[in-house]
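Input: a single structure, listed below in structure tokens.
The figures here come from the full heavy-atom set of this structure, side chains too, leaving out hydrogens, waters and symmetry mates. First the proteins, then the strands, lettered A, B, ... as listed; each starts at 1.
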2 protein chains.
Amino acid sequence: MNQALAEATARPPKVSAASVARACGVSPATVSYVMNGKPGVSPETRRHVIRVANELGFRPNGHAGQQEPQLNRVIGLILPNIVNQMYTGWAENIITATARDGFEVFVATTQDNPDTLAQVASTLAARNVDGVIIAAALREDSRALRTLRQRRIPYICLSRRSDHLPGDFVGIDDDTAATQLMQHVLDHGYREIATVIGPRFSTASLAREQAFVRTAAAAETTIAGERKISTRLNRDGGRVAAEKLLATAKPPRAIVCGSDEIAIGVMEHALSLGLRIPEDLAVVGSDGLPHSRSALVGLTTIVQPVQEMAEKAFDLLLKQITKPSNTFTHSLCEHRLHIGRTCGCPPADTTRR
Amino acid sequence: MNQALAEATARPPKVSAASVARACGVSPATVSYVMNGKPGVSPETRRHVIRVANELGFRPNGHAGQQEPQLNRVIGLILPNIVNQMYTGWAENIITATARDGFEVFVATTQDNPDTLAQVASTLAARNVDGVIIAAALREDSRALRTLRQRRIPYICLSRRSDHLPGDFVGIDDDTAATQLMQHVLDHGYREIATVIGPRFSTASLAREQAFVRTAAAAETTIAGERKISTRLNRDGGRVAAEKLLATAKPPRAIVCGSDEIAIGVMEHALSLGLRIPEDLAVVGSDGLPHSRSALVGLTTIVQPVQEMAEKAFDLLLKQITKPSNTFTHSLCEHRLHIGRTCGCPPADTTRR
DNA sequence: GCGTCGCATTAAGCAACGTTAAGTAGATTT
DNA sequence: AAATCTACTTAACGTTGCTTAATGCGACGC
């Protein structure tokens with residue numbers, strides 16, 4: 001007990017800039033200049049100071065000055081779930097990006113439940129995170145964002161945003177992407193088309209559905225109400241939607257999905273009914289997950305630049321953390337249409353990667 | 001107060017905030033600030049005070065002390081990566097399980113780099129997490145575990161463990177599972193067999209490979225050295241391995257993989273060569289990811305009970321946190337052999353879910 | 001029921017530290 | 001030799017982080 005206490009009580013000795021200064025025979029000011037990359041120090045002295053500082057294990061993060069006041073170097077990441085590879089892809093890249101700057105990440109999931117979202121935001125706020133990246137924002141319910149705003153915790157919306165509260169946003173141009181995707185399906189000549197999207201409380205899902213319908217309408221193809229399905233954002237959601245769509249007397253010839261996971265669920269069900277893809281039913285998605293693009297699946301889909309989006313999001317967040325501002329940035333990243341074979345294009349088009 | 005009385009009534013002597021303050025060389029005020037989450041205390045001191053307070057068993061409310069001794073209610077989760085769905089599956093379930101008890105989760109990834117692992121463990125320790133679940137343990141390098149042990153932070157190894165350091169462990173019986181899987185492949189009559197596993201610094205990968213080889217040998221089938229490949233634990237690793245295996249003069253008739261992601265990579269490459277699965281090449285995996293079991297892929301594989309493992313791991317961790325003990329539990333969960341069609345079994349066997 | 005004591009909380013004070021503007025010595029240029 | 005520039009020091013400042021001291025509150029003795 002006593003020994004344990006002694007061990008626990010032993011605190012690593014702190015190294016001050018002054019001690020570094022003394023150790024290499026310069027003034028504290030010089031050390032300060034070196035550590036902050038300010039001019040006015042000869043390269044020779046600079047090198048020497050850096051070397052000694054490293055040897056002594058000097059951490060400029062001591063305590064004082066305008067050194068980022070009280071940064072915990074922790075950010076929160078709120079995702080709808082961590083099963084959909086779209087989200088884990090972002091998570092992976094965000095974790096990598098943050099690690100570069102010495103940040104840790106709290107990952108929280110909401111299952112798209114508004115109350116969970118609100119509660120998670122409070123919890124994160126209570127934990128004094130330096131900022132939050134939210135990929136689970138809801139159109140109507142901005143409680144979470146409001147909480148963060150009140151506590152002056154910067155946040156970035158990723159992919160989805162709130163209808164009411166302004167703020168920084170990183171995403172793709174859902175409208176254009178969805179338009180291109182639907183246009184490609186129309187170009188195949190399909191006219192009996194159904195759409196299956198994620199929950200309409202997601203701005204991304206809604207924007208895609210609207211673009212799907214508008215583009216189809218422009219080609220004089222009406223998508224009836226019972227052929228516009230909103231479902232859960234996973235394989236199972238797709239399966240349920242496909243059950244409804246394919247059980248009707250006149251099933252659609254093509255199903256345009258607002259998510260790859262949904263598309264895969266749809267295809268699974270179609271296959272279990274003995275339908276061939278794309279001969280009997282064309283299916284396209286929109287996320288560009290690695291495994292749906294693979295040769296095994298060959299899904300035609302919109303590819304989102306996951307890494308770029310993740311890095312951009314953290315970048316913006318870091319900017320808000322270090323230099324809070326009231327001007328909000330909307331950053332739209334370039335998407336890409338990936339042609340697989342599930343839309344009916346010849347397999348030759350299936351490029352690797 | 002009356003020490004004799006306290007002892008006589010067998011009640012533990014109550015620990016005052018002042019004594020905690022003395023024990024870690026700060027003022028009572030500082031302890032108070034820490035216990036109430038008030039600002040004005042450096043993170044370093046805060047962690048230190050919390051650690052000492054926990055060790056002394058300090059209850060914040062002298063009389064109405066119903067609360068646990070100030071836990072951070074944060075655990076760390078160390079994964080090799082967050083792309084492989086095996087890991088995200090565990091992560092999802094661990095996050096859910098911990099949320100029920102009001103715990104938050106730090107997710108860190110190592111990319112299976114020993115230095116990153118060691119560093120991540122230090123960082124988590126510095127953040128004073130209450131415990132850590134590690135699914136990225138390395139056989140040889142137990143620096144990370146040692147760090148945690150020194151700081152008296154409980155940890156649970158998930159799926160992989162260290163060769164050197166004992167500790168709680170949750171996993172499946174890799175040996176039995178791998179034996180069953182290989183036996184199933186042998187039962188199909190295949191004799192030209194290759195194995196592709198994850199990195200050998202993972203105990204799980206190594207155990208599987210050894211069981212594969214042993215089982216094959218028992219059926220008088222030798223697996224040559226160039227047919228035992230260890231590769232990265234993702235689709236790309238599988239692809240690379242398949243390139244090597246299938247380019248030889250006498251390619252194998254069946255490839256037994258130590259991971260679903262690898263199996264999928266192998267299959268992708270095989271398909272791109274125009275091979276039919278399972279007619280030309282049988283492939284089996286071992287993780288039981290939802291999407292490899294789906295009708296689209298139909299992989300024959302070992303199914304790990306993800307949720308059960310996650311909950312068990314957190315359960316054990318919580319036990320270690322609340323009541324540290326020196327006896328270690330090895331908890332083996334029941335796996336299941338899922339028969340798909342990639343091994344050559346008739347499609348009829350493909351059961352849903 | 002009132003006063004006192006023990007203990008936790010909170011406000012005010014103060015020392016330590018890193019930053020930066022101003023100052024200075026020496027070297028180089030003009 | 002005066003001027004200028006470089007490389008550093010000195011000194012003042014704003015923060016932070018912790019302590020000392022004052023406050024508040026409930027328990028217990030009288």
Side-chain angles (χ1 to χ4, degrees), chain A residues 9 11-54 56-73 102 128 130 152 321-324, chain B residues 1-6 9 11-54 56-70 126-128:
Chain A
T9 315
R11 280 208 269 181
K14 55 187 169 185
V15 184
S16 72
S19 64
V20 174
R22 241 178 294 114
C24 49
V26 295
S27 74
T30 308
V31 175
S32 172
Y33 289 131
V34 170
M35 287 318 182
N36 298 305
K38 297 275 172 72
V41 184
S42 70
E44 199 178 322
T45 311
R46 192 177 293 267
R47 240 175 293 128
H48 184 230
V49 169
I50 289 177
R51 220 187 113 206
V52 172
N54 281 339
L56 295 181
F58 172 64
R59 293 275 176 290
N61 208 15
H63 60 154
Q66 67 183 52
Q67 187 83 17
E68 326 240 320
Q70 195 123 315
L71 265 193
N72 276 317
R73 300 197 95 72
N128 280 323
D130 299 321
R152 303 255 137 66
I321 290 173
T322 51
K323 196 156 56 80
Chain B
M1 195 191 292
N2 190 338
Q3 205 170 354
L5 180 63
T9 49
R11 267 173 64 186
K14 80 182 161 185
V15 185
S16 73
S19 63
V20 174
R22 242 177 295 115
C24 48
V26 296
S27 73
T30 307
V31 175
S32 171
Y33 289 132
V34 169
M35 289 312 169
N36 299 303
K38 297 276 171 70
V41 183
S42 71
E44 202 178 316
T45 308
R46 173 165 270 133
R47 285 193 291 270
H48 183 234
V49 169
I50 289 177
R51 154 132 346 108
V52 173
N54 280 334
L56 295 180
F58 171 65
R59 298 290 191 288
N61 288 348
H63 298 278
Q66 76 282 18
Q67 269 197 339
E68 281 289 300
Q70 185 86 1
R127 292 214 180 276
N128 216 39

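- Residues B/Pro28 and B/Ala21 approach most closely at N-CB, 3.6 Å, considering heavy atoms.
- Remark: P of C/dC7 and OH of B/Tyr33 are 19 Å apart, rounded to the nearest angstrom.
- A distance of 7.0 Å separates OG in A/Ser32 from NZ in A/Lys38, rounded to the nearest 0.5 Å.
- With C/dT10, C/dA22, C/dG18 as the candidates, the nucleotide lying closest to the side chain of A/Ala17 is C/dG18.
- Under the rule for a side chain to side chain contact (heavy atoms under 4.5 Å, CB included), the partners of A/Arg47 that lie at least two apart in sequence or sit in another chain are A/Pro43.
- Computed from coordinates, the A/Lys38 NZ to D/dT6 P distance equals 18 Å when rounded to whole Å.
- Applying a 4.0 Å cut-off to non-hydrogen atoms, the residues of residues 22-31 of chain A that approach DNA chain D are A/Gly25, A/Val26, A/Ser27, A/Ala29, A/Thr30, listed by residue number.
- Applying the 4.0 Å criterion to OP1 and OP2 of D/dC8, one finds that A/Thr45 has a side-chain N or O inside that range.
- Inter-residue side-chain proximity for B/Thr45 and B/Val34 is flagged as unmet; no heavy-atom pair is nearer than 4.5 Å.
- Nucleotide D/dA7 holds its P atom 10 Å from the CD atom of A/Glu44, rounded to whole Å.
- Phosphate proximity of C/dT19 to A/Ser32: present, with a side-chain N or O under 4.0 Å from OP1 or OP2.
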Between protein and nucleotides 23-25 of chain D, what N or O pairs are separated by less than 3.5 Å?
none

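- In this structure, CZ of A/Arg46 is placed 11 Å from C1' of D/dA7, rounded to the nearest angstrom.
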Test side chain to side chain contact (heavy atoms under 4.5 Å, CB included) on B/Val26 and B/Val49; report intermediate values, then the result. CA-CA 9 Å; B/Val26 296; B/Val49 169; 4.3 Å; yes

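- Residues A/Ala23 and A/Val52 share a closest heavy-atom pair of CB-CG1, 3.8 Å.
- When all heavy atoms of A/Arg46 and A/Pro39 are compared, the closest pair comes out as NH2-CA, 4.0 Å.
- For A/Ser42, a side-chain nitrogen or oxygen approaches OP1 or OP2 of D/dC8 to under 4.0 Å.
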